[in-house]
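Here's the structure we're looking at; comments come further down.
Numbers restart at 1 for each chain; the letters A, B, ... are given by sequence-line order, proteins then strands. Because only heavy atoms are used, hydrogens play no part in the values below, and waters and symmetry mates are left out as well, while side chains stay in.
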Number of protein chains: 2
Amino acid sequence: MRDVARLAGVGIKTVSRVINGEPNVSPGTTERVRRAAADLLYEPDLHAGNLRRADGRSRTLGLLVSSVANPFAAQVHRAIERVAIEYGYAVLAASLEDDPAAELRAVTALARRRVDGFIVTPVRDDQSYLRVHVDRGTPLVCVDRAPRGIETDCVVTANVDGARDAVRHLLSFGHRRIAFLGDLDRIETARLRREGYVTELAAAGIDVDPALVVLGLHDDATATAVARRLLTLPDPPTAIFSSQNLITIGTIRALQQLGLEHKVALVGFDDVETGDLMKPAITAVAQDPDRIGRLAAERLFAHLDGDTSPARQVVVPTRLIVRGSGEIPAPGGAAH
Amino acid sequence: MRDVARLAGVGIKTVSRVINGEPNVSPGTTERVRRAAADLLYEPDLHAGNLRRADGRSRTLGLLVSSVANPFAAQVHRAIERVAIEYGYAVLAASLEDDPAAELRAVTALARRRVDGFIVTPVRDDQSYLRVHVDRGTPLVCVDRAPRGIETDCVVTANVDGARDAVRHLLSFGHRRIAFLGDLDRIETARLRREGYVTELAAAGIDVDPALVVLGLHDDATATAVARRLLTLPDPPTAIFSSQNLITIGTIRALQQLGLEHKVALVGFDDVETGDLMKPAITAVAQDPDRIGRLAAERLFAHLDGDTSPARQVVVPTRLIVRGSGEIPAPGGAAH
DNA sequence: CTGAAAGCGCTAACAA
DNA sequence: TTGTTAGCGCTTTCAG
């Protein structure tokens, strides 16, 4: 910057003014400074400026997700990035892979890089440790899962309602024996979807058969094995509600292996891309990652802009996509 | 930091030493400083330190990809992140959406944040503008596409060979009329895959029928329309090579709509997730995003560690996944 | 083993 | 409209 000032024949502060578009610089001077900066390929150091700048903003925000490679998280990420760019922000993203220790490490790493705000998918039992950062003026918005131990804005999918929709849909095709294949129960979304399943069955006056409920699934291979076991039970389910993408894929594989894909109904939570290309096409409860990401980012920037309204939870509705696999009627069961 | 020093009853430099794990601090002092830092919830400011630190490293690297939401790019991203974490690095990612202007904007945004290195998927015709950064000591590695106008390390998929494999596979099932559905020709990977298609046909003594080659496809809806048109030609192709994920999906849809999915062979470049669940299951030339990302990151850190070996291009081989759609023989054609 | 002083690149506050 | 001085939080250098 000093070099630019020297080359332009001005003081260093004038360069600063031009760089930051501050007023009270004559057009001629502005032009000379610009030219000098271009000649020297000068690139201002944002972080150096922040050290002294009144707002001290790094114009960078931190995002913690399950994995940047997870399609749902990646779409949320993209939506956040779109909003961030509008505000001149860059995004530092970190993958947690559902590891509580990783959550802590990532927050520290981002805090040391002085991100202006956090968007976090909670993994730990307790997010109260984040209060320090919020109190210091680094706002926090949670996505996909509600935080615990701290009151903060949060944007989540309508997990319970979505699951109820799925189960109600299956019930309407006469199913009474509906299996539930769920993820690790310590994951909030998994718990809520199971809750929706139980609630909707109860509302229909059906007792949950524990033999048809399997939790703790986390990958498609295990899901396939479990689905195969359920489907070869003496009294098998006539329909399956799979509560997560990989589980749905594993279940489809099991159905195909047993030649049951046109006999046993299936509704998955979280849409399977290319689900419309399978036979039968997959009926699914689709989430709206784009909207979730956008809303989360907007809440974050609202806080950065000084909004101090109380914490609120935004619930983004799901959409049932009817494509075939969920409309297979129960054998001998009541019609639609 | 001053507060921590005061609370611990030591000088500010001693705090710095403890924080950075420098030697020559007595265990007792170290402990007092640690405790004071914990009490005050002190979090060192990485950027402030870099201002004076000899290596001036922000321990942050910049990644430019087509889109963080693109499954291929997201997997590359995750692989890079894994290596980055080993080195104590965080990743600033930006989506370019194949927009040349976005490439420039993103590089500037990251340069101002003083990333220590760039991993870039080139979009523009020319990357020579990046030489400034390289000369200043910010290494650059390109992924997925080769850079132009600058010599730098680069990790890419074996596009030509992969395409040749696909076409050779189809030829071996007696096909002579093989259609090519390609992306925008200005995208390097699209061009190379077409080149592989042309080369392999030529090697088999077959002239390319221009009516069977369609370029400029970028989404599945257009691909569906184009595939339908080709398949309803008076003299339609007996096999299709689709050169990109979305195009493959669009082509499958067209085949299904026309009831031709078991009649016309299909091989796609870039594996379709859940391709094994379709009927027929989709034969594909799979890329290896994990390896690509890992290798790119390793090259970058090698440079950061002082490696000054000349620029080299690393080509990551593809793998043909045989699943069914690619093994449909040509009608009346020679057998396998 | 420890601390004081200088300065990294920049902006705030003020003076000219 | 412009420049000067101080200082952001930290590390370097060097003296104890």
Side-chain angles (χ1 to χ4, degrees), chain A residues 1-34 36-37 40-60 88 108-109 111-116 133 136-138, chain B residues 1-34 36-37 40-60 88 108 110-116 133 136-138:
Chain A
M1 186 155 162
R2 223 178 18 228
D3 298 341
V4 174
R6 191 153 31 214
L7 182 58
V10 300
I12 191 172
K13 175 67 223 196
T14 300
V15 177
S16 172
R17 273 192 266 261
V18 172
I19 296 293
N20 295 291
E22 284 171 38
N24 296 329
V25 184
S26 76
T29 310
T30 302
E31 187 47 33
R32 284 213 318 287
V33 171
R34 273 201 212 298
L40 297 175
L41 298 165
Y42 168 72
E43 203 68 82
D45 184 327
L46 192 62
H47 299 307
N50 289 343
L51 221 46
R52 199 66 174 74
R53 200 189 310 275
D55 66 8
R57 296 264 170 95
S58 62
R59 297 188 163 270
T60 304
T108 301
R112 294 186 173 194
R113 285 172 179 79
R114 294 296 188 263
V115 294
D116 295 341
H133 297 109
R136 282 188 184 139
T138 310
Chain B
M1 187 154 162
R2 217 170 31 218
D3 298 341
V4 174
R6 190 153 35 213
L7 182 60
V10 300
I12 189 174
K13 174 66 224 196
T14 300
V15 177
S16 170
R17 273 193 266 261
V18 172
I19 296 293
N20 295 294
E22 284 170 38
N24 297 330
V25 185
S26 76
T29 310
T30 302
E31 186 48 31
R32 284 212 319 287
V33 171
R34 273 201 212 299
L40 296 176
L41 298 166
Y42 169 72
E43 203 69 81
D45 184 328
L46 192 63
H47 298 308
N50 288 343
L51 220 47
R52 199 66 174 75
R53 200 190 308 277
D55 66 8
R57 296 264 169 98
S58 63
R59 296 188 163 272
T60 304
T108 302
L110 299 186
R112 294 186 173 193
R113 287 171 178 80
R114 294 296 188 261
V115 294
D116 295 341
H133 297 108
R136 283 190 185 135
T138 310

Q: Would you mind reading off the distance between M1(A) atom CE and dC10(C) atom C1', rounded to a whole angstrom?
A: 6 Å
**Q.** Student check: side-chain heavy atoms of H47(B) and R114(B) closer than 4.5 Å
**A.** no
Q. Can you check whether T14(B) has a side-chain N or O nearer than 4.0 Å to OP1 or OP2 of dG3(C)?
A. yes
Q.
Rounded to whole Å, please give me the gap between CD in E22(A) and P in dT2(D).
A. 13 Å
Q. For DNA chain D, which residues in residues 44-52 of chain B have a heavy atom at a distance below 4.0 Å?
A. P44(B), D45(B), A48(B), G49(B), L51(B), R52(B)
Q. Hey, which of these two, V25(B) or R114(B), hits DNA chain C nearer its 5' end, going by closest nucleotide?
A. V25(B)
Q.
To the closest 0.5 Å, what do you measure between CD1 (I12(B)) and CE (M1(B))?
A. 5.0 Å
**Q.** Nearest-angstrom distance from the residue atom CG of N24(B) to P of dT2(C)
**A.** 9 Å
Q.
Is there a side-chain contact between R53(B) and R57(B) in this structure, where contact means two heavy atoms from C-beta onward sitting under 4.5 Å apart?
A. no
Q: Please report, rounded to the nearest Å, how far the C1' atom of dC10(D) is from the CD1 atom of I19(B).
A: 11 Å
(Q) Five pairs per end, C1' atoms only: what is the angle between the end axes of the helix from dC1(C)-dG16(D) to dA16(C)-dT1(D), to 10 degrees? (A) 30°
**Q.** Phosphate-side-chain proximity, S16(A) and dT11(C), N/O vs OP1/OP2 below 4.0 Å
**A.** yes
Q. What heavy-atom pair brings A37(A) and V4(A) nearest, and what distance separates the two atoms?
A. N-CG1, 3.8 Å
**Q.** E22(A): which of V18(A), N20(A), I19(A) passes side-chain contact (heavy atoms from CB on, under 4.5 Å)
**A.** N20(A)
Q.
Whole angstroms only, please: what is the CZ-P distance between R6(A) and dT4(D)?
A. 13 Å
Q. If you check the T29(B) side chain, which of dT11(D), dT2(C), dT11(C) turns out closest?
A. dT2(C)
Q: Could you state the atom-to-atom distance from NZ of K13(A) to C1' of dA6(D) in whole Å?
A: 13 Å
Q. Are side-chain heavy atoms of R113(B) and D45(A) found at a separation under 4.5 Å?
A. no
(Q) Does any part of the side chain of R6(A), heavy atoms only, come nearer than 4.5 Å to the side chain of D3(A), both counted from C-beta? (A) yes
**Q.** Nearest-neighbour nucleotide for the S26(B) side chain, dG3(D), dT11(C), dC1(C) considered
**A.** dC1(C)
Q: Measure from CZ on R53(B) to C1' on dC8(D) and round the result to the nearest Å.
A: 16 Å
Q) Can you tell me how far P of dC8(C) sits from CD1 of I12(A), to the nearest Å? A) 10 Å
(Q) Counting only side-chain heavy atoms from C-beta out, which of dT11(D), dG3(D), dA12(C) sits nearest to A54(A)? (A) dA12(C)
(Q) If you apply the rule side chain to side chain contact (heavy atoms under 4.5 Å, CB included), what do you find for R136(A) with L41(B), and how did you get there? (A) CA-CA 11 Å; R136(A) 282 188 184 139; L41(B) 298 166; 3.3 Å; yes
Q: May I ask you to test the T138(A)-D116(A) pair for a side-chain heavy-atom distance under 4.5 Å?
A: no
